[in-house]
Amino acid sequence: MNFTFGDAIEMGDAVNRQFLLAARPQGVVKETDFEYRELSVPTPGEGEVLIKTSHISLDPSMRGQMENRADYVAPLELGDVMRAGGIGTIVASNHSDYAEGAQVSGSFGMQDYAVSDGNTLPFRVFANDVDPTVALGMLGGTGMTAYFGLLDIGEPKAGDVVVISGAAGATGSVAGQIAKIKGCTVFGLAGSDDKCVWLTGTLGFDSAINYKTQDVAAELDRLCPKGIDIYFDNVGGEILDICLARIAMNARIVICGGISRYNATGPLPGPKNYFNLVFRRARMEGFIVIDYAQRFAEATRVMQGWIDAGQLKQQATVIDGFGELPRALIKLFEGYNTGKLMVRTT
Ligand SMILES: NC(=O)c1ccc[n+]([C@@H]2O[C@H](COP(=O)([O-])OP(=O)(O)OC[C@H]3O[C@@H](n4cnc5c(N)ncnc54)[C@H](OP(=O)(O)O)[C@@H]3O)[C@@H](O)[C@H]2O)c1
């Protein structure tokens, strides 16, 4: 089928719409890096289920998977269905553990229908009354990332000063709220005044800095005169360096991500101020959320309690239309989203 970006794609009854990786991105992702295709709906085999996706998640890591380099997951080959997290409903089941009608999330790809045996991480079952935007957001991969990154790597204590970059995004907004729940003072960095107002007004951050218009170093000097106890890094680059220069004794730097470098084409400068880790007896540690998959149920229980108590809130940025998927990934890197970005495909 011929597809031009901007066309609405009608949902056919027996069609599996897909986006494939058509080209390796050079710098920022472009629409032409994707190819649209329609196939017939697959049939699940013995021990498998067929899932009809309703919401597909956009994640910064998708950019890395489009490149031809080994990472913590295998790179995609040209012509592969774009890898993506999603949530949907089991519409046919040949698996005794998973009934038709169940709401499930997992790595289902940029497509309407996926077949799964339930063994591929992070396949998860959610009760049908859980809002899919919450299951893919606060309780989804980015929520789990915030939970384990902040609590297990950051080890917050009441009274700690916590700084979070990418604070108005899916991961950062949850990490900041968990730090508040743990009694910390929390400062967020985000790319617009509206996002900063949301962080302080709705989520309870103590202050927020617009890193595009304000002097981040001067603002952090003003807000954190005794230094930063935990820096939860989602962006890397210059902001990581500014924070490294301001760490307190025994600080923890949680390397969650480095979105400022994901579209870079040449060699990247390392952090200049890393030696402060020695002077301040500090620790800088990265992690990958999937390593915590065995503990997702525990985190979900705890976080559901915080949601019920009104201590944990989310905003989802939901874009409508399957055909918007490539553009939505591009928008993620332009800061279009507040909270979790996803496309509703139905
Ligand atoms: N370690 C893990 O297991 C794990 C798992 C999930 C995610 N992550 C990482 O966590 C980070 C956040 O991911 P997410 O899914 O929650 O995405 P997100 O924060 O919801 O969305 C990305 C945000 O990054 C900001 N941004 C874009 N380009 C930037 C740049 N050049 N410099 C600074 N900020 C930029 C934009 O907000 P502004 O308007 O504020 O610029 C954008 O909204 C990413 O680095 C991701 O790779 C790690």
Side-chain angles (χ1 to χ4, degrees), residues 27-29 56-66 71-73 83-85 107 121-122 133 136-138 140-150 152-154 163-177 187-199 203 205 208-214 216 231-243 253-265 268 284-293 295-296 299 314-319 328-342:
V28 295
V29 176
I56 294 179
S57 168
L58 288 311
D59 294 90
S61 58
M62 292 161 74
R63 169 68 181 78
Q65 292 168 23
M66 295 169 81
D71 208 320
Y72 63 98
V73 288
R83 207 173 282 147
S107 183
L121 288 172
T133 70
L136 213 53
M138 280 190 290
T142 49
M144 296 297 114
T145 303
Y147 183 93
F148 291 107
L150 186 82
D152 276 49
I153 313 289
V163 172
I164 302 190
S165 56
T171 307
S173 60
V174 174
Q177 292 180 83
F187 304 124
L189 274 62
S192 77
D193 289 345
D194 284 350
K195 290 184 180 185
C196 289
V197 167
W198 179 63
L199 291 175
L203 300 192
F205 281 49
I209 303 168
N210 180 341
Y211 74 91
K212 291 186 177 165
T213 60
Q214 292 181 271
V216 174
Y231 172 50
F232 191 101
D233 188 20
N234 284 313
V235 305
E238 192 189 350
I239 289 174
L240 169 60
D241 241 331
I242 290 172
C243 290
I253 294 103
V254 182
I255 304 295
C256 176
I259 194 167
S260 74
R261 50 188 291 148
Y262 295 173
N263 290 320
T265 46
L268 292 158
M284 180 151 102
E285 185 174 341
F287 72 103
I288 294 291
V289 68
I290 207 68
D291 297 344
Y292 292 88
R295 292 176 56 200
F296 281 2
Q314 86 156 8
Q315 179 167 326
T317 300
V318 182
I319 298 175
L329 183 59
I330 295 166
K331 286 177 173 177
L332 185 70
F333 288 90
E334 296 168 349
Y336 176 81
N337 60 307
T338 298
K340 180 71 201 146
L341 180 64
M342 62 190 78

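One-based numbering, in listed order, for ligands and for the atoms of each. Position 1 is the first residue of the sequence; numbering continues from there.
Across every non-hydrogen atom of A316 and M342, the tightest pair is CB-CE, 4.1 Å. Taking each heavy atom of L150 and F232 in turn, the nearest pair found is N-CE1, 3.6 Å. Nearest heavy-atom pair, A299 versus M144, reported as atom, atom and distance to 0.1 Å: CB-SD, 3.7 Å. Residues R63 and G27 come closest through the heavy atom pair NH2-O, 2.8 Å. The minimum heavy-atom distance linking G137 with Q314 is given by the pair CA-OE1, 3.4 Å. The two residues T145 and T171 come nearest to each other via the heavy atoms CG2-CG2, 3.8 Å.
With V254, V28, V235, V289 as candidates, the residue nearest to atom 3 (O) of ligand 1 on a non-hydrogen basis is V289. Ranked by closest heavy atom to atom 5 (C) of ligand 1, the top entry among I259, T145, N337 is T145. Nearest-heavy-atom check against atom 9 (C) of ligand 1 across G166, C256, G335 picks out C256. Considering each of N210, N234, T317, the one bringing a non-hydrogen atom nearest atom 45 (O) of ligand 1 is N234.
At least one heavy atom of G339 sits under 4.0 Å from some atom of ligand 1. Ligand 1 is approached by G258 to a heavy-atom distance shorter than 4.0 Å. The shortest separation from a heavy atom of S192 to ligand 1 is not under 4.0 Å, leaving the residue out of contact. Residue contacts with ligand 1: I288 is included, with a non-hydrogen atom under 4.0 Å away. Ligand 1 has Y262 within reach: a non-hydrogen atom of the residue lies less than 4.0 Å from it.
Of all protein heavy atoms, the one lying nearest to atom 40 (O) of ligand 1 is G191 N, 2.8 Å. Of all protein heavy atoms, the one lying nearest to atom 31 (N) of ligand 1 is S260 CA, 3.4 Å. Scanning the protein for heavy atoms near atom 28 (N) of ligand 1, the closest one is F333 O, 3.5 Å. Protein heavy atom at the shortest distance from atom 13 (O) of ligand 1 is P60 CG, 3.5 Å. The nearest heavy-atom contact from the protein to atom 39 (O) of ligand 1 is K195 NZ, 2.6 Å. In this structure, the protein non-hydrogen atom closest to atom 23 (C) of ligand 1 is L332 O, 4.1 Å. Ranking protein heavy atoms by distance to atom 34 (N) of ligand 1, first place goes to Y211 OH, 3.2 Å.
Taking every non-hydrogen atom of F287 and a distance limit under 4.0 Å, the qualifying atoms of ligand 1 come out as 1 (N), 2 (C), 3 (O). The G169 neighbourhood of ligand 1 comprises atoms 18 (P), 19 (O), 20 (O), with distances under 4.0 Å to a heavy atom of that residue. For ligand 1, the atoms closer than 4.0 angstrom to any heavy atom of A170 are 16 (O), 18 (P), 19 (O), 20 (O). Taking every heavy atom of G257 and a limit of under 4.0 angstrom, the matching atoms of ligand 1 come to 9 (C), 45 (O).
Checked by atom type, the side-chain pair S165/D233 shows a donor-acceptor distance below 3.5 Å. D194 and S192 share no donor-acceptor pair across their side chains, judged by distance under 3.5 Å alone.
Contact annotation: the side chain of F333 approaches that of Y262 to within less than 4.5 Å [non-hydrogen atoms, C-beta and beyond]. Using a 4.5 Å heavy-atom threshold, the side chains of Q315 and T133 count as separate.
In this structure, the side chain of N337 engages the main chain of G339 through a donor-acceptor pair within 3.5 Å.
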Inset, instruction - Output, in order, the C-alpha distance, side-chain angles, deciding distance and verdict of side-chain hydrogen bond (donor to acceptor under 3.5 Å, both in side chains) for K340 and T142. - result: CA-CA 8 Å; K340 180 71 201 146; T142 49; 4.7 Å; no
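The environment of CZ in R295 is crowded: more than 12 heavy-atom neighbours from other residues, nucleotides or ligands sit within 6.0 Å.
Taking the six-membered ring where the residue is Trp, Y292 and F287 present perpendicular rings, their angle passing 60° and hence far from 30°.
Neither the backbone nor the side chain of L341 comes within contact range of ligand 1; no heavy atom lies under 4.0 Å.
Distances between N or O atoms of T171 and those of ligand 1 include at least one value under 3.5 Å. In terms of N/O distances under 3.5 Å, ligand 1 is not approached by A190.
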